[in-house]
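Remarks on the structure that follows.
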Amino acid sequence: MAQAEAPRCRRVGILGYGQLGQFLAGQLLARGPPLGLALAFVWARDGGRLEGLPPPLRLPDLRLLPQTEVDLVVEVAHPCVAREHGEDILAHADFMLGSPTALADPETERRLRGAAERGGHTLYVPRGALWGCEDIRRMDEAGTLAALKVTMTKAPQSFRLEGRLRERLAAGGGTRSVLYEGPLRPLCPLAPNNVNAMAAAAVAAPRLGFDGVRACLVADPSVPDWHIVEVEVTSVGDEGRALSVTSTRRNPAVPGAVTGKATRAAFWSSLLACHGHGGCVQLC
């Protein structure tokens with residue numbers, strides 16, 4: 001009797017080879033095969049960062065992606081990658097968007113949602129550092145979510161900011177300072193690498209979205225090796241008599257790092273959940 005052919009591993013490509021990309025690539029190499037996963041390639045905006053990888057795993061040009069037979073592409077580089085290449089990726093594979101701040105641009109969100117629907121592939125948005133994501137999603141679906149605020153506190157050296165926020169951070173003088181407080185959408189292009197957990201909240205609560213979710217960004221030198229994310233949820237109800245839930249997530253981090261230690265494990269768990277949802281946008 002002929003032996004049954006072993007099922008094909010799900011091939012995963014990684015875009016970005018910073019701290020998070022290196023972690024995910026290492027996990028796929030070390031733990032992927034028993035889970036039915038294989039590392040297909042790694043691509044980086046700076047190709048020189050890939051020199052430590054075997055040549056067959058280096059993708060020099062994203063235009064070669066269709067030749068890789070990849071099933072899932074995981075972006076952990078910068079939101080510009082999704083803006084410039086997301087539609088092409090979704091034409092060939094599922095796409096886990098590690099920089100969901102890209103979706104704060106309405107045109108990018110429209111194009112990526114359309115590409116997922118046309119191609120039958122899934123646009124996955126990982127929870128990252130967002131605690132309580134599933135409860136937020138359920139409340140939003142039920143129409144019981146009235147307000148959602150996410151406050152993120154990090155040491156000044158952990159921020160990668162643009163424009164006026166960079167100037168505000170530099171003017172802080174080493175003291176605790178609120179860099180931004182207001183609607184999420186305008187914040188995303190000013191802190192594209194730092195507020196992805198907030199962007200995940202906007203995806204989890206589409207009735208509020210990027211304009212309705214409130215964001216607060218705090219630089220605090222007294223927490224050099226922690227990333228703190230506070231989520232405040234308020235339900236509909238009589239004034240002063242509504243359900244409210246506040247959670248605080250304290251994530252250990254290497255001083256100066258953009259991503260906390262526990263968030264790496266959260267991304268790996270999200271990657272494992274990226275399978276079988278079809279042409280839609282899906283939290284993972």
Side-chain angles (χ1 to χ4, degrees), residues 14-27 42-53 74-82 96-102 104 126-131 150-181 184 186-201 215-231 247-271:
I14 305 293
L15 308 184
Y17 204 55
Q19 181 190 69
L20 192 49
Q22 291 174 35
F23 171 77
L24 293 176
Q27 289 288 93
V42 180
W43 172 90
R45 291 185 293 166
D46 177 6
R49 304 194 70 168
L50 306 179
E51 291 182 356
L53 284 170
V74 178
E75 177 276 316
V76 285
H78 189 276
C80 70
V81 176
M96 178 172 141
L97 179 57
S99 301
T101 51
R127 292 165 168 79
L130 181 67
W131 194 257
V150 184
T151 300
M152 186 173 292
T153 303
K154 297 181 180 182
Q157 62 267 30
S158 291
F159 286 111
R160 307 290 184 268
L161 304 176
E162 305 290 341
R164 68 179 187 274
L165 286 195
R166 180 189 295 173
E167 297 169 5
R168 192 170 296 171
L169 180 66
T175 61
R176 186 183 188 277
S177 57
V178 177
L179 302 175
Y180 179 90
E181 186 162 10
L184 173 59
L187 174 61
C188 289
L190 296 173
N193 295 105
N194 287 114
V195 298
N196 285 303
M198 295 181 180
C216 182
L217 205 61
V218 180
D220 188 347
S222 72
V223 289
D225 51 0
W226 292 93
H227 294 174
I228 302 170
V229 180
E230 184 176 83
V231 180
S247 67
T248 301
R249 181 182 190 266
R250 295 177 59 87
N251 186 2
V254 174
V258 173
T259 304
K261 295 179 180 179
T263 302
R264 294 182 301 176
F267 264 77
W268 174 244
S269 296
S270 291
L271 189 157

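In this structure, Arg264 forms a cation-pi arrangement with Phe23, its terminal cationic atom sitting closer than 6.0 Å to the ring centre and no more than 45° off the ring axis.
Atoms CE and CZ, from Met152 and Phe159 in turn, are 8.0 Å apart once rounded to the nearest 0.5 Å. With values rounded to the nearest 0.5 angstrom, Glu51 atom CD is found 8.5 Å from Asp46 atom CG. Rounding to the nearest 0.5 Å places CG of Leu20 at 11.0 Å from CG of Asn193. The distance from atom CG of Leu130 to atom OG of Ser247, rounded to the nearest 0.5 Å, is 8.0 Å.
With sequence neighbours excluded, no residue forms a salt bridge (charged side-chain N to carboxylate O under 4.0 Å, His left out) with Arg45. Scored by the side-chain hydrogen bond (donor to acceptor under 3.5 Å, both in side chains) test, Asn196 finds Thr101 as partners (sequence neighbours excluded). Scanning for side-chain hydrogen bond (donor to acceptor under 3.5 Å, both in side chains) contacts around Glu162 gives Arg166, with sequence neighbours left out. Among residues two or more places apart in sequence or in another chain, the side chain to side chain contact (heavy atoms under 4.5 Å, CB included) test is passed with Pro186 by Tyr180, Pro183. The side-chain hydrogen bond (donor to acceptor under 3.5 Å, both in side chains) check on Glu181 picks up Lys149, with sequence neighbours excluded. Under the salt bridge (charged side-chain N to carboxylate O under 4.0 Å, His left out) criterion, Arg160 pairs with no residue at all, not counting sequence neighbours. In terms of the side chain to side chain contact (heavy atoms under 4.5 Å, CB included) criterion, residue partners of Ala77 (sequence neighbours excluded) are, by chain and number, Glu75, Val81. Residues forming a side chain to side chain contact (heavy atoms under 4.5 Å, CB included) with Ala104 (at least two apart in sequence, or on another chain): Arg185, Cys188, Phe210.
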Quiz prompt | Candidate pair Ile228 and Lys154, rule side chain to side chain contact (heavy atoms under 4.5 Å, CB included), full reasoning | solution = CA-CA 7 Å; Ile228 302 170; Lys154 297 181 180 182; over 6 Å; no
Quiz item: Between Phe267 and Met96, is a side chain to side chain contact (heavy atoms under 4.5 Å, CB included) present by the stated rule, with each step listed?
Solution: CA-CA 10 Å; Phe267 264 77; Met96 178 172 141; 3.5 Å; yes
Quiz item: Does the pair Thr151 and Val229 meet the rule for a side chain to side chain contact (heavy atoms under 4.5 Å, CB included), with working shown?
Solution: CA-CA 6 Å; Thr151 300; Val229 180; over 6 Å; no
For residues 168-175, run the donor-acceptor check on the side chains, cut-off 3.5 Å, and write out each pair with its distance to 0.1 Å, sequence neighbours left out.
unit_1, atom_1, unit_2, atom_2, d
Arg168, NH1, Leu179, O, 2.6
Thr175, OG1, Gly172, O, 2.9

Compile the donor-acceptor pairs under 3.5 Å between side chains in residues 248-259 and protein atoms, sequence neighbours left out, one pair per line.
unit_1, atom_1, unit_2, atom_2, d
Asn251, OD1, Lys261, N, 3.4
Asn251, OD1, Ala262, N, 2.9
Asn251, ND2, Thr263, OG1, 2.9

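The two residues Pro126 and Ala200 come nearest to each other via the heavy atoms O-CB, 3.7 Å. The minimum heavy-atom distance linking Ala219 with Pro156 is given by the pair CB-CG, 4.2 Å. Taking every heavy atom of both residues into account, Met198 and Cys216 meet most closely at CE-O, 3.4 Å.
Residue pairs meeting the salt bridge (Lys or Arg N to Asp or Glu O under 4.0 Å) criterion with at least one member in residues 171-180, sequence neighbours excluded: Arg176-Asp220.
Between Thr153 and Trp226 there is no side-chain heavy-atom pair separated by less than 4.5 Å.
Counting non-hydrogen atoms of neighbouring residues, nucleotides and ligands closer than 6.0 angstrom, the CH2 atom of Trp131 reaches no more than 12 such neighbours.
No donor-acceptor pair under 3.5 Å is formed between the side chain of Asn194 and the backbone N or O of Leu217.
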